[in-house]
Amino acid sequence: MTLSRRTTIASLLIALPAAGLIVFAVERVRTRDAAAALERVVRASLTDSVRDACETDPGWFLAGPRTGRPTAAERLQPDADVKLPRPSTEELPFEFFAYDDQFSPTSTAGPRFPDDFKRAMRASPPARSMQGPYQSKVGTGLQMAQLTGWSPGPCAALLYRMRPPPNPMRTRALMFGGVFLICFLIAFATARPTAARISTLAAGVRASAHADYSGILSVRGNDDVSSLGAAFNEAAADIRRRSADARDREEALRRHVEITSDDVAAPLAELETRLGQLEQRSDLAPGVTADVRRAVRDAHQLQSRLQNLAAVARLRTVTETSPRDQVNLAAVVTRLVSGREALARAAGVSIDLPAPDGSVTVQADALLLQQAIGNVLDNAILHNRPGGRVQVELRGYEHGGRFSLRISDNGPGVSDEAFAGLTANKRFRGDESRTRRPGGRGLGLALAREVADRFGLQLDLRRPTTGGFEAEFTVRV
C-alpha cells in the first residue's frame, strides 16, 4: 500500500470519530441551551398579567396564536359555548397550557399532564418544577412543568413545550457530513506535507541506492524526517567508503590471482605439452607411459583449477556495462580442442570436431567464455572411459544470431543423484569446489553456467538415452 493511500485512510479514520464527537458535543450544547432558554421563559411568564389572562379565560388560555381564536366580544355572547369553535390542537414550535389542582387541562388543546411530573409534584415536599423530553410528531422535544402557586384555581400548574425543528435526522446527517469533511480535510492537510516529505525521502533513497549510494539526500527541517534523511546520508557515506575499500581489495586480489595464475598456468601448459610429446615416444616402458599419462592429467587439472580461480575473480568485476568482445566461437572451439590433444591421448579418448556449420559470433568476455567452454570439454574428456569419444558440434543459424554448441561423450555418465545436484545448481556460489569431489564437475560446470547466464546464453545438461553425458550452449530465449 502506498504512503498516499495510507495517509488518506488514516485521515478518514481520524475524521470519523472526531466528527462523531463534535456532533455529539454540539447536540449536548443545543440541548443544554434549549433547557436554559426554557427556564428563562418559564420564569419570565410567572407574572400577574399572565395569571389574569389565564384565570379570566382558562378555556382559551394558550401561549401563541391559535386559528379561529374568538374575540372577547364573541366569548361574552349568551350562546358562545355552542357557536364558538374549540381551540385547535395543532402543535406549535413553542406553547404552554394551564392545569388545575388535579393536573387536568383547562383547555381542550392541552395535552395529558406527564405522569412522572405529576408524581413528583404530589410528593412531600412537592417539586416546584420538572423538566424532561417528550415525543413530538417531528421528533423529541423538551417540556417543563411549573407549579404557579395560583391555587386553588384553573391555573395551578403550567406545562411548557418546545417542539424540535423539522427533519432533525436530516439536520444531524448534514451537520455530521459537513463536520466529517472539515475534519478529514484538516487531518489530510496536516499529514500530507509529512507524507510528501517521506515519499520524497524514499524516492531519494531508491535513486541513491541505484547509483551505488553516490547521491546525497536534501535534508530540510528539524524533525524526525530530516533526522532520518541525515542518518541515511551518514550511512550512505559509510557504505561508499566500505564499497570503495572492498572494490580496491577485490581488484587487488583479482590482479594477484590473475598474475599468479598466468605465472603458474603458462609453465603448466608447457609442461603438459612436453609430457604429451614424451607420451608419444615409442621407446617408453608401459609403466612409464602410464605415469606420463597421469602426469599429463594432473598438470592439466592443476592448470584448469588455477584458470577457474582467475575466472572467478574476473567474474566479480564484470558487470552489464563492462565492454564485451566479438568472440568467434569457431576459432575458440578449434583452439580449445587443439590444446587438449595431449589430455585426450592421456585419457585414451578421441575428440571429433566437424567443420562448424555456419558463422557464429557472440558478444561476451573472450577469456571467460573460453574458460566456460573449456570446463565443459574437460569434463567430457576426464569423465569418459578409455577408448571413448567426445563429439563437439557447432551449428549457427541465419535468424536472430542463434547457434548451438553441443559437447557430448559416450562415457559412463552420472548417477541420478549426481545429475540432480548438477541440474539444481542454477547459480554460481563459489563453494562448489568444496561441496564436490576433487576434479568433479561441480566448480567447472557452475562457473560455465554463470558465464553463460552473464552473457545471455543458456547451458543445458542432459543424459542421452544411449548413455554418456551432454552439455549444450544456446542463446537464451
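What you see below is based on every heavy atom in this structure, not just the backbone, and it leaves out hydrogens, waters and symmetry mates. This chain uses plain numbering: 1 for the first residue, then up along the sequence.
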Inset, instruction - For the pair R324 and D365, find out whether any cationic side-chain nitrogen is under 4.0 Å from an anionic carboxylate oxygen. - result: no
Inset, instruction - Taking atom CD of Q326 as the centre, report whether more than 12 heavy atoms of other residues, nucleotides or ligands fall under 6.0 Å from it. - result: yes
Inset, instruction - With rounding to the nearest 0.5 Å, note down the distance linking CE in M169 to OG1 in T171. - result: 10.0 Å
Inset, instruction - Identify the heavy atoms of A364 and L369 that sit nearest to each other, and give their distance. - result: CB-CD2, 4.2 Å
Inset, instruction - Could you tell me whether the side chain of L315 reaches within less than 4.5 Å of the side chain of E450, counting heavy atoms only? - result: yes
Inset, instruction - Answer yes when R119 and D116 have at least one side-chain N-carboxylate O distance shorter than 4.0 Å, and no when they do not. - result: no
Inset, instruction - Answer yes or no: is there a side-chain heavy-atom contact under 4.5 Å between T474 and R402? - result: no
Legend entry - Closest non-hydrogen atom pair between S404 and E472, with its separation: OG-OE2, 2.5 Å
Inset, instruction - Mark yes or no for whether T31, through its side chain, and E27, through its backbone, hold a donor-acceptor pair below 3.5 Å. - result: yes
Inset, instruction - Please name the pair of heavy atoms, one in V376 and one in A448, separated by the smallest distance, quoted to 0.1 Å. - result: CG2-CB, 4.1 Å
Legend entry - T334 side chain to A330 backbone, donor-acceptor under 3.5 Å: yes
Legend entry - No-hydrogen, no-angle side-chain donor-acceptor test under 3.5 Å, Q458 and D460: yes
Legend entry - Row check, F419 ring normal vs R463 NZ/CZ: under 6.0 Å, within 45°: yes
Inset, instruction - Identify the heavy atoms of C183 and A19 that sit nearest to each other, and give their distance. - result: SG-N, 4.2 Å
Inset, instruction - Dump the intermediate steps for side chain to side chain contact (heavy atoms under 4.5 Å, CB included) on L447 and N375, then the final yes or no. - result: CA-CA 8 Å; L447 181 61; N375 284 342; 3.7 Å; yes
Legend entry - Test item: T466 and N410 side chains (from C-beta on) under 4.5 Å apart, heavy atoms: no
Legend entry - Separation between OG of S11 and CG of L185, rounded to the nearest 0.5 Å: 9.0 Å
Legend entry - Spatial distance of atom CD1 (I351) from atom CG (L353) [nearest 0.5 Å]: 8.5 Å
Inset, instruction - Would you kindly say whether D409 and H383 are connected by a side-chain donor-acceptor distance under 3.5 Å? - result: no
Inset, instruction - To the nearest 0.5 angstrom, please state how far the CD1 atom of I381 sits from the CG atom of L343. - result: 5.0 Å
Inset, instruction - Search all heavy atoms of D238 against all heavy atoms of R242 and return the closest pair with its distance. - result: OD2-NE, 2.6 Å
Inset, instruction - Would you please test I22 and F180 for side chain to side chain contact (heavy atoms under 4.5 Å, CB included) and show each step? - result: CA-CA 9 Å; I22 292 174; F180 174 79; over 6 Å; no
Inset, instruction - Taking atom types as modelled, find out whether R389 and Q391 have a side-chain donor-acceptor pair closer than 3.5 angstrom. - result: yes
Inset, instruction - Hey, could you give me the CZ/CD distance between R161 and E95, rounded to the nearest 0.5 Å? - result: 7.5 Å
Legend entry - Note, S408 side chain near P464 side chain (heavy atom, < 4.5 Å): no
Legend entry - Test item: F94 and L38 side chains (from C-beta on) under 4.5 Å apart, heavy atoms: yes
Legend entry - Contact check, side chains of F455 and V451, non-hydrogen atoms, under 4.5 Å: yes
Legend entry - Reported CD1-to-CG distance for the pair I407 and L459, which is rounded to 0.5 angstrom: 9.0 Å
Inset, instruction - Check the pair L461, F469 against side chain to side chain contact (heavy atoms under 4.5 Å, CB included), reporting the backbone distance first and the verdict last. - result: CA-CA 8 Å; L461 306 179; F469 196 81; 4.1 Å; yes
Inset, instruction - Would you indicate whether the side-chain heavy atoms of L382 and V349 approach each other to under 4.5 Å? - result: no
Inset, instruction - Taking only Lys NZ, Arg NE, NH1 and NH2, and the carboxylate oxygens of Asp or Glu, determine whether E393 and R406 approach each other closer than 4.0 Å. - result: yes
Inset, instruction - Under the side chain to side chain contact (heavy atoms under 4.5 Å, CB included) rule, what do F96 and L159 come out as? Steps first, then yes or no, please. - result: CA-CA 5 Å; F96 61 96; L159 180 66; over 6 Å; no
Legend entry - D453 and R449 ion-paired at < 4.0 Å: no
Legend entry - Shortest non-hydrogen contact from A366 toward D325: N-OD2, 3.2 Å
Legend entry - Validation row: M162, M144 side chains within 4.5 angstrom (heavy atoms): no
